[in-house]
Q: 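The structure under discussion is supplied below as structure tokens; questions concerning it will follow.
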Amino acid sequence: MSEKVFPKDFMWGAATASYQIEGSPLADGAGSSIWHRFSHTPGNTYNGDTGDVADNHYNKYKEDIALMKDLGLKAYRFSISWSRIFPYGKGKINEKGVDFYNRLVDELLKVDITPFVTLYHWDLPAAIQDLGGWTNRDIAYWYTDYADYMFQRLGDRVKNWITLNEPWVMAFVGHFMGEHAPGMKDLYASFSVVHNQLRAHSKTVKAFREENIKEGKIGITLSNTSHDPATNSQEDKDAVRLAHEWTNYPLFLNPIYKGEYPSGIKEHASEFLPHNYENDLEEIKEKIDFVGINYYSGDLVKFDTKSFLGGKTVERGLPKTEMGWEIYPEGFYKILKGVQDEYNPKEVYVTENGAAFDDKIVNQGVHDEDRIDYLKKHLEQALRAIQNGVTLKGYFVWSLLDNFEWALGYSKRFGIVYVDYKTQKRIIKDSGKWYSQVIKNNSFEF
Ligand SMILES: OC[C@H]1NNC[C@@H](O)[C@@H]1O
Ligand SMILES: [Ca+2]
């Protein structure tokens with residue numbers, strides 16, 4: 001393989017999520033979700049933005065799939081809104097909700113785009129939250145029933161499944177920092193949410209095996225930040241190890257691959273883990289087919305007794321994106337190489353990588369050189385990872401479209417396609433044109 005070309009059949013895609021792009025959250029019998037409630041609660045989102053309209057993808061999905069075809073995407077990662085299928089999370093089924101995703105999948109297959117389905121990307125049915133949501137142990141059964149139903153309805157055409165998107169963000173941003181739905185601030189709840197997501201994930205993997213989906217593969221998508229020590233001191237290096245075990249793939253892959261939480265978590269955070277959690281570890285340890293890695297940025301960590309798990313982020317003067325996140329391509333390599341070295345997954349997919357920049361329309365175009373530069377630098381590191389033994393099989397850019405960036409609403413644009421929210425017009429950005437060349441050449445050099 002020449003030093004600039006990706007392996008043959010490398011899966012080039014783009015990613016989105018239901019609540020961030022669909023709009024029409026309560027249409028056709030869909031039930032409310034925690035993000036519908038959270039965004040409609042004054043003060044929770046920038047400018048009071050909600051997902052009521054978003055990119056109106058619920059109605060414009062055919063146009064958007066035509067756009068994906070124009071871009072030459074090989075695959076498309078999207079999420080299913082649980083409460084469109086089960087308006088109350090369990091029990092009654094909403095056929096019209098199932099029908100939307102059936103039509104979406106059929107439209108993708110018509111143009112040879114491989115669907116990668118995320119079963120859960122944070123929009124929990126509100127009725128389940130009313131029963132305690134992810135802090136209620138029984139959610140493991142309700143979630144597995146929902147997932148298994150989707151395997152039965154879409155499994156003949158959808159072969160690639162992701163159980164959960166970024167369970168760390170759901171657990172800690174949603175239940176400790178309170179900045180995401182359901183807006184809780186309880187560290188004990190957060191670790192129960194980690195544990196119940198793992199229980200739900202593994203029960204679902206077992207159900208998936210029993211469905212015997214031909215050529216089916218199932219995995220989990222984890223968020224990651226590449227942490228470096230502020231100094232070479234042992235205390236800073238220890239703080240980095242703990243930050244890594246807590247915020248990155250080990251918190252979930254250690255239980256999944258090794259049947260126990262990372263040692264640093266057991267040493268310093270076991271009081272927050274649910275009572276008798278050890279009894280669930282055997283069941284949580286369950287083989288998966290691939291690991292989904294999300295990567296955006298890195299940070300410098302300094303020992304700090306006042307921070308949870310003893311580490312705080314400090315400045316190192318790297319350039320930043322509109323999110324205030326460091327642009328740190330080297331960290332991408334370290335995360336990819338690290339997951340391969342620590343757990344040796346059969347396959348790895350980058351299920352999200354991308355950047356928010358201050359995109360402007362100039363002469364009917366969006367000349368986002370900064371995003372092209374970000375993507376190119378990160379793809380260089382992804383190829384370097386492959387050349388160093390990482391079983392990386394595909395890359396999904398976040399995101400196909402500008403969309404609802406959670407508590408930051410529509411103020412942050414991650415798309416390779418610009419969305420004019422007033423007119424709902426789509427404009428392919430220069431980065432979108434560049435990315436379609438990458439796909440055509442299977443390389444970032446052309
Ligand atoms: O912040 C950018 C993305 N990060 N991962 C989860 C997605 O839903 C976010 O939009
Ligand atoms: Ca993230």
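Side chains are part of it too, since the values below use all heavy atoms of this structure and drop only hydrogens, waters and symmetry mates. One-based numbering, in listed order, for ligands and for the atoms of each. What you are looking at is a predicted structure, and each value in this text was computed from that prediction instead of being measured.
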Q: Between Trp325 and ligand 1, does any nitrogen or oxygen pair lie at a separation below 3.5 Å?
A: no
Q: Quick one: are the ring centres of Tyr395 and Phe6 less than 6.0 Å apart?
A: no
Q: On the ring face of Phe396, is Arg77 found with NZ or CZ under 6.0 Å from the centre and within 45° of the axis?
A: no
Q: Hey, does Trp406 come in under 3.5 Å of ligand 1, counting only N/O atoms on both sides?
A: yes
Q: If you measure from the Lys or Arg side-chain nitrogens to the Asp or Glu carboxylate oxygens, is any gap between Asp145 and Lys90 under 4.0 Å?
A: no
Q: For Glu405, counting its heavy atoms only, list the atoms of ligand 1 lying under 4.0 Å from any of them.
A: 1 (O), 2 (C), 9 (C), 10 (O)
Q: Does Glu245 come within less than 4.0 Å of Arg241, counting only side-chain N to carboxylate O?
A: yes
Q: Which ligand 1 atoms are under 4.0 Å away from a heavy-atom of Gln20?
A: 7 (C), 8 (O), 10 (O)
Q: Between Phe414, Phe404, Tyr296, flag the one that comes closest to atom 3 (C) of ligand 1 by a heavy atom.
A: Tyr296
Q: Would you say Tyr19 touches ligand 1, if touching means a heavy atom closer than 4.0 Å?
A: no
Q: Check each atom of ligand 1 against the heavy atoms of Glu166 and keep those under 4.0 Å away; list them by number with element.
A: 4 (N), 5 (N), 6 (C)
Q: Counting the benzene-type ring for Trp, do Phe172 and Phe191 have ring centres under 6.0 Å apart?
A: yes
Q: Answer yes or no: does an N/O atom from Asn165 fall short of 3.5 Å to an N/O atom of ligand 1?
A: no
Q: Taking both backbone and side-chain atoms of His121, is any N or O found less than 3.5 Å from an N or O belonging to ligand 1?
A: yes
Q: Is the gap between the ring centers of Tyr374 and Trp325 under 6.0 Å?
A: no
Q: Could a heavy atom of Lys412 be found less than 4.0 Å from some atom of ligand 1?
A: no
Q: For the pair Asp55 and Arg426, find out whether any cationic side-chain nitrogen is under 4.0 Å from an anionic carboxylate oxygen.
A: no
